[in-house]
Colleague: 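Take this structure, written in structure tokens, and hold onto it; I'll ask about it next.
Hydrogens, waters and symmetry mates are skipped; everything else that's a heavy atom, side chains included, is used.
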Amino acid sequence: RKGSVIITGASSGLGLATAKALAETGKWHIIMACRDFLKAERAAKSVGMSKENYTIMHLDLASLDSVRQFVDSYKQSGRPLDVLVCNAAVYQPTAKEPSFTAEGFELSVGTNHLGHFLLSRLLLDDLKQSDYPSKRLIIVGSITGNTNTLAGNVPPKANLGDLRGLAGGLNGLNSSTMIDGGEFDGAKAYKDSKVCNMLTMQEFHRRFHEESGITFASLYPGCIATTGLFREHIPLFRLLFPPFQKYITKGYVSEEEAGKRLAQVVSEPSLTKSGVYWSWNKDSASFENQLSEEASNEDKARKIWELSEKLVGLN
Ligand code: NDP
């Protein structure tokens, strides 16, 4: 049978390019988990995906009710789940004020981390039950949250501090909107959310890899400077960022190439190692990359896991 893979945020950028790459193999049925049905349908058509290779299902990660409804509908569909890709993200580098999810969490961490945390926890049993030869849970990470790299040291740097803002609910009422308890900063909130993504992947690995055989992985696909992620940046930035990444940092990667990389992490028989953060070198060969101190801190990973469980109502 074909493998069944859910990709969140498959309506643009990396998620769409990955859906396309997997569809082209003919070996996968892609469930595009998207907040805008029409946009997702147009996107799938625009890259030439044929109808029998994909299904669009509604998912708004900025609402925990929507996450629960998505999971219920998925279970009711009777489809097996072989791979889950947590890819969607929001990035608000120029926001002066925070925005919030339906439950009142700061939007970047609420969507990128908490929404995906609940989704993957609720779908873990379905992954466990899959009889597919290699079942995987993939959470897209980033270099920007990784302070052992040059890009990760561009201010404002990711820093989760003692997690006091997360413990307080990130709501701006009786707590800060930032995980570390600091002043709101949209670029930092995104980077913090990516650190949470990378820590969550490792915590999943420690708790569930041995018993379930599921491969838990994260990756940095390269700098895909052309995606919608930068849509809220100032126009001058959007003009100069792609050539800067292409010619100066040489970290630039096309959406198509990045999609092929994530598709490898979904399906390559050689990439089954669990607990790994994949990156690619100049020749587009994959390697196991190192994470920064904070993005591999076991104590923080456990605390974030426990605090996140409380916030999303899992205990
Ligand atoms: P895009 O903005 O193109 O794609 C993000 C996707 O997330 C869109 O499909 C968007 O939906 C979706 N999304 C946003 N909010 C929600 C929500 N509340 N519910 C459901 N879906 C939502 O950005 P990229 O393709 O660049 O980003 C994809 C991943 O790659 C992210 O995890 C990002 O952190 C990561 N990444 C990107 C890099 C880059 O250089 N671009 C580098 C490293 C990592 P919609 O289409 O409706 O807006």
Side-chain angles (χ1 to χ4, degrees), residues 6-9 33 59 61-62 64 67 71 81 83-90 101 105-128 135-147 152 158-161 163 165-167 170 178-180 189-212 214-221 262 265-266 273-278 288-315:
I6 295 177
I7 304 178
T8 68
L59 169 65
L61 288 157
L64 299 180
V67 172
V71 171
L81 177 61
V83 180
L84 169 62
V85 180
C86 298
N87 160 78
V90 281
T101 66
F105 307 125
E106 184 282 316
L107 191 69
S108 330
V109 174
T111 306
N112 308 355
H113 167 58
L114 292 171
H116 278 134
F117 180 76
L118 181 63
L119 180 73
S120 40
R121 285 291 300 275
L122 295 178
L123 287 172
L124 187 66
D125 275 341
D126 300 74
L127 279 174
K128 282 185 186 168
K135 36 205 188 182
R136 308 181 188 187
L137 197 170
I138 300 156
I139 308 179
V140 178
S142 181
I143 201 169
T144 49
N146 215 354
T147 52
N159 177 10
L160 308 183
L163 310 178
L166 187 67
L170 289 179
M178 300 294 289
I179 293 179
D180 65 359
Y190 169 80
K191 293 178 187 182
D192 289 350
S193 78
K194 291 279 114 183
V195 174
C196 290
N197 285 156
M198 294 183 277
L199 287 171
T200 301
M201 176 281 284
Q202 295 163 80
E203 190 65 17
F204 262 116
H205 168 71
R206 281 188 286 269
R207 289 178 186 239
F208 298 106
H209 173 63
E210 241 178 65
E211 70 164 76
S212 68
I214 298 169
T215 298
F216 299 97
S218 186
L219 70 151
Y220 172 62
L262 178 47
V265 183
V266 170
K273 189 163 171 192
S274 184
V276 172
Y277 167 65
W278 296 105
E288 282 178 41
N289 206 346
Q290 293 301 310
L291 286 158
S292 67
E293 207 285 315
E294 182 167 59
S296 53
N297 184 313
E298 290 192 21
D299 189 45
K300 259 187 198 172
R302 184 178 46 77
K303 284 187 182 139
I304 286 170
W305 181 278
E306 289 166 1
L307 290 172
S308 303
E309 279 185 331
K310 282 201 189 114
L311 294 180
V312 302
L314 279 174
N315 74 2

Colleague: Inspect the contact between Glu203 and Arg206 and indicate whether a charged nitrogen and a carboxylate oxygen are less than 4.0 angstrom apart.
Modeller: yes
Colleague: Quick check: does any side chain N or O of Arg136 sit under 3.5 Å from a backbone N or O of Val265, one acting as donor and the other as acceptor?
Modeller: yes
Colleague: Assess the residue pair Leu119 and Leu59 against the criterion (side-chain contact (heavy atoms from CB on, under 4.5 Å)); give the C-alpha distance rounded to whole Å, side-chain angles, the decisive distance to 0.1 Å, and a yes or no.
Modeller: CA-CA 10 Å; Leu119 180 73; Leu59 169 65; 4.2 Å; yes
Colleague: Looking only at heavy atoms, what is the nearest atom pair of Val140 and Asn197, with distance?
Modeller: O-OD1, 3.7 Å
Colleague: Show your working on side-chain contact (heavy atoms from CB on, under 4.5 Å) between Tyr277 and Glu288 and close with a plain yes or no.
Modeller: CA-CA 6 Å; Tyr277 167 65; Glu288 282 178 41; over 6 Å; no
Colleague: Taking His116 for the side chain and Asn112 for the main chain, is one N or O donor matched with an acceptor at less than 3.5 Å?
Modeller: yes
Colleague: Over 60° means perpendicular and under 30° means parallel, so tell me whether Phe117 and Trp305 are parallel, tilted or perpendicular.
Modeller: perpendicular
Colleague: Can Leu124 and Ile214 be said to form a side-chain contact (heavy atoms from CB on, under 4.5 Å), step by step?
Modeller: CA-CA 9 Å; Leu124 187 66; Ile214 298 169; 3.9 Å; yes
Colleague: For Leu118, run the side-chain contact (heavy atoms from CB on, under 4.5 Å) check against Leu61, Leu64, Val71 and tell me which one passes.
Modeller: Leu64
Colleague: Under a 3.5 Å distance rule, please check whether Asn87 uses its side chain to pair with a backbone N or O of Gly9 as donor and acceptor.
Modeller: yes
Colleague: Would you confirm whether Ser274, through its side chain, and Phe216, through its main-chain N or O, come within 3.5 Å as a donor-acceptor pair?
Modeller: yes
Colleague: How close do Gly110 and Phe105 get, heavy atom to heavy atom, and via which atoms?
Modeller: CA-CB, 4.1 Å
Colleague: Keeping Gln202 on the side-chain end and Ala295 on the backbone end, is there a donor-acceptor pair under 3.5 Å?
Modeller: yes
Colleague: Please check this pair: side chain of Lys135 against backbone of Lys128, looking for a donor-acceptor N/O pair closer than 3.5 Å.
Modeller: yes
Colleague: So, the side chain of Asp180 versus the backbone of Gly165: is there a donor-acceptor pair under 3.5 Å, distance only?
Modeller: no
Colleague: Does some side-chain heavy atom of Leu262 sit less than 4.5 Å from a side-chain heavy atom of Pro221?
Modeller: no
Colleague: Give the minimum heavy-atom separation between Asn159 and Glu294, together with the two atoms involved.
Modeller: CA-OE1, 3.4 Å
Colleague: Please name the pair of heavy atoms, one in Ala301 and one in Leu199, separated by the smallest distance, quoted to 0.1 Å.
Modeller: CB-O, 3.9 Å
Colleague: Measure from the side-chain N and O atoms of Thr111 to the backbone N and O of Ala89, and report whether any donor-acceptor pair falls under 3.5 Å.
Modeller: no
Colleague: More than 12 non-hydrogen atoms from neighbouring residues, nucleotides or ligands closer than 6.0 Å to CD on Glu306, yes or no?
Modeller: yes
